[in-house]
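Structure first, then comments.
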Amino acid sequence: MTSKSFDWRDLSVILLLFGVHFLVWWAVSPIPGETPTFIGVRGVRELWVFSAIISLVAFHIRKQSPWVCAFLVWLSIVGLYQVLWFGRPYVFTYFDIMYAVILALWMVYSQRLHAKKMAYLLVLIALINVLWVLFQFGEIDPVWRQLMSQELAWNLRPAGWLDNNSNLAHFLAMIVPLAMAMSWWLVIPIAIPILLATKTLPIIGAVLGIIVAKRWWYRGIVLCLIAATYIGVYDPPRYADTVRAVVIKHSLWLANKSPIFGFGPGSFKRYFPYYLANYPHMLGEMQVRDPATDKHHRAKRMPTHTEIFHHPSNEAVKAIFEMGWPSLVIILGWVVYIGRKAKKTAAHRWRDAYAGASVAFLITMLGYQPLAVPPLAVSGLMVWGIYEGLICRSKVKN
């Protein structure tokens, strides 16, 4: 019986084990200017070891997904930097780091999944949601109305099992290209709730997904014109409602205060509301109730008015805010990497369908907050992972 040959990955694990026991014992000052001490050494060691393990995992997947590897390495560096800079209480940022690591590794793992089976599963989930919308329209929903009746009343529109109608519309938009690979008849029931929701971005995502999935580079212009006409009639742009645009503008302005390392993973929902509450902003006013007199008066819009203040509704902007501008370089590098590989592939039924679904999810990433919505995060990153796996295993066209 022969053992496998030694490689550098084995050496990296050995060095990490030695480092855990010997090299990271001495404490590093958690606050600049303080003298290093053994007080709090346990917390500091946790940070170093956790960052080392993240980097080690990234090293092991570098060939399978080099840009996810780069993302994880930078995530560990940024997280460690922020914890050491802001002090030990900021260690809670590692909950957000663990969530990001899990999502990234889920996307890499998804490359192994069976594309056709997962497509059928996602379409089935979409159709179940559409059917549940009919139950909710008829007020005969036997489950969700009992669990979340106030949520349905607040949204005013049925949402299936996706919490609100925006989540449902974005999810269905991603499924349209996959359903199209099976049958046009499946597209119809999935597309109707998107149109009835009158949500601009899901409509754009679904249309671009269809164009990419069918490779309609010229005929797609007609489809875009039809979609633009529908949006113009039923969901015209409301230029007076510029809240999201202003939030993105303020987010980027704040991000430039710490352009290299950002403010740390998970910092947006803590730091941005603090900024809104203590500094002038251009988000307008709102009706505020005085609990003492039960009367309403006009006051500056506060960060708790809507969850938009806990997320900029743009995952790229959030990454820049929390992880600095280098994170954008990694994101763009991954997009170019995938785009160059996709350009060299010939037409293929399932690969093209997942390409369209990936484009629809990309639109959601740039205009919504899917990574804060578990169903969208899990399904969308799985679609991206399956697509990357398909194009990495594909043959180059002649």
Problem set entry | For A227 against V207, the heavy-atom pair lying closest together | CB-CG2, 3.7 Å

Exercise. According to a 4.5 Å side-chain heavy-atom criterion applied to Ile, Leu, Val, Met, Phe, Trp and Tyr, with indirect links allowed, do W217 and I221 form part of one hydrophobic cluster?
Worked result: no

Exercise. Any sub-3.5 Å donor-acceptor pair from R351's side-chain atoms to I391's backbone N or O?
Worked result: no

Problem set entry | Side chain to side chain, I192 and I188, heavy atoms closer than 4.5 Å | yes

For this session: Looking only at non-hydrogen atoms, find the nearest pair between F171 and L376 and report the distance.
Result: CB-CD2, 3.6 Å

Exercise. Just wondering, are more than 12 heavy atoms of other shown residues or ligands nearer than 6.0 Å to CH2 in W185?
Worked result: no

Exercise. Counting only N and O atoms by type, is there a donor-acceptor contact under 3.5 Å from the side chain of N314 to the main-chain atoms of L366?
Worked result: yes

Seminar exercise, completed: Note: I175 and L122 closest approach over all heavy atoms is CD1-CB, 3.7 Å

Exercise. Do F71 and I331 come close enough that some side-chain heavy atom pair is under 4.5 Å?
Worked result: no

For this session: Taking all heavy atoms of I194 and all of A169, pick out the closest pair and write down the distance.
Result: CG1-O, 4.0 Å

For this session: Test side chain to side chain contact (heavy atoms under 4.5 Å, CB included) on T364 and M174 and set out the steps.
Result: CA-CA 9 Å; T364 298; M174 182 180 65; over 6 Å; no

Exercise. So do V78 and E322 actually touch side chain to side chain, heavy atoms under 4.5 Å?
Worked result: no

Exercise. Could you walk me through whether W132 and F135 pass the ring-ring contact (aromatic ring centres under 6.0 Å, His included) check?
Worked result: CA-CA 5 Å; W132 221 267; F135 291 157; 5.3 Å; yes

Problem set entry | Donor-acceptor pair, side chain of N129 and main chain of G160, under 3.5 angstrom | no

Exercise. When hydrophobic residues are tied together by side-chain contacts of less than 4.5 Å, even through go-betweens, does I97 share a cluster with I102?
Worked result: no

For this session: Please answer whether the main-chain N or O of G385 pairs with a side-chain N or O of Y354 as donor and acceptor at a distance below 3.5 Å.
Result: no

Problem set entry | Euclidean distance, K117 NZ relative to I386 CD1, rounded to 0.5 Å | 12.0 Å

Problem set entry | Common cluster, F95/F50, ILVMFWY with side-chain heavy-atom separation under 4.5 Å | yes

For this session: Measure from the side-chain N and O atoms of D352 to the backbone N and O of K214, and report whether any donor-acceptor pair falls under 3.5 Å.
Result: no

Problem set entry | Side-chain donor/acceptor of N256 to backbone N/O of P259, under 3.5 Å | no

Exercise. Would one find more than 12 heavy atoms of other residues, nucleotides or ligands at under 6.0 Å from atom OH of Y337?
Worked result: yes

For this session: Using modelled atom types only, decide if a donor and an acceptor are shared between the side chain of S327 and the backbone of A319 within a distance under 3.5 Å.
Result: yes

For this session: Classify the angle between the aromatic ring planes of W350 and Y120 as parallel (below 30°), tilted (30 to 60°) or perpendicular (above 60°).
Result: tilted

For this session: Begin with the C-alpha distance, continue with both residues' side-chain angles, and end with the deciding distance and a verdict on side chain to side chain contact (heavy atoms under 4.5 Å, CB included) for I61 and L72.
Result: CA-CA 10 Å; I61 65 171; L72 290 179; 4.0 Å; yes

Exercise. V329 and Y81: same hydrophobic cluster, using ILVMFWY side-chain contacts below 4.5 Å?
Worked result: no

Exercise. If you link I, L, V, M, F, W and Y whenever their side-chain heavy atoms are under 4.5 Å apart, who else ends up in the same group as W325?
Worked result: I248, L252, V317, I320, L328, L332

Problem set entry | Close aromatic pair by centroid cut-off 6.0 Å: F263 and F268 | no

For this session: Mark yes or no for whether R62, through its side chain, and F59, through its backbone, hold a donor-acceptor pair below 3.5 Å.
Result: yes

Exercise. Is a donor on one side and an acceptor on the other found under 3.5 Å between the side chain of E315 and the backbone of L371?
Worked result: yes

Exercise. Which pair of heavy atoms, one from L75 and one from A100, lies closest together, and at what distance?
Worked result: CD2-CB, 3.8 Å

Exercise. Which atoms form the tightest heavy-atom contact between P265 and G79, and what is the distance?
Worked result: CD-CA, 4.1 Å

Exercise. Are any non-hydrogen side-chain atoms of L127 and P189 less than 4.5 angstrom apart?
Worked result: yes

Problem set entry | Intermediate values then yes/no, side chain to side chain contact (heavy atoms under 4.5 Å, CB included), L80 and S76 | CA-CA 6 Å; L80 182 61; S76 65; over 6 Å; no

Problem set entry | Candidate pair V359 and I211, rule side chain to side chain contact (heavy atoms under 4.5 Å, CB included), full reasoning | CA-CA 10 Å; V359 168; I211 293 172; over 6 Å; no

For this session: Check whether any side-chain heavy atom of F321 sits under 4.5 Å from a side-chain heavy atom of Y271, and report yes or no.
Result: yes

Exercise. For the ring pair Y387 and W384, is the centre-to-centre distance below 6.0 Å?
Worked result: no

Problem set entry | Same apolar cluster: M98 and M323, side chain cutoff 4.5 Å | yes

Exercise. Considering only heavy atoms from C-beta outward, does the side chain of V247 approach that of F272 to under 4.5 Å?
Worked result: yes

Exercise. Parallel, tilted or perpendicular: which describes the rings of W74 and F261, with under 30° parallel and over 60° perpendicular?
Worked result: parallel

Exercise. Is any side-chain heavy atom of L172 less than 4.5 Å from a side-chain heavy atom of P193?
Worked result: yes

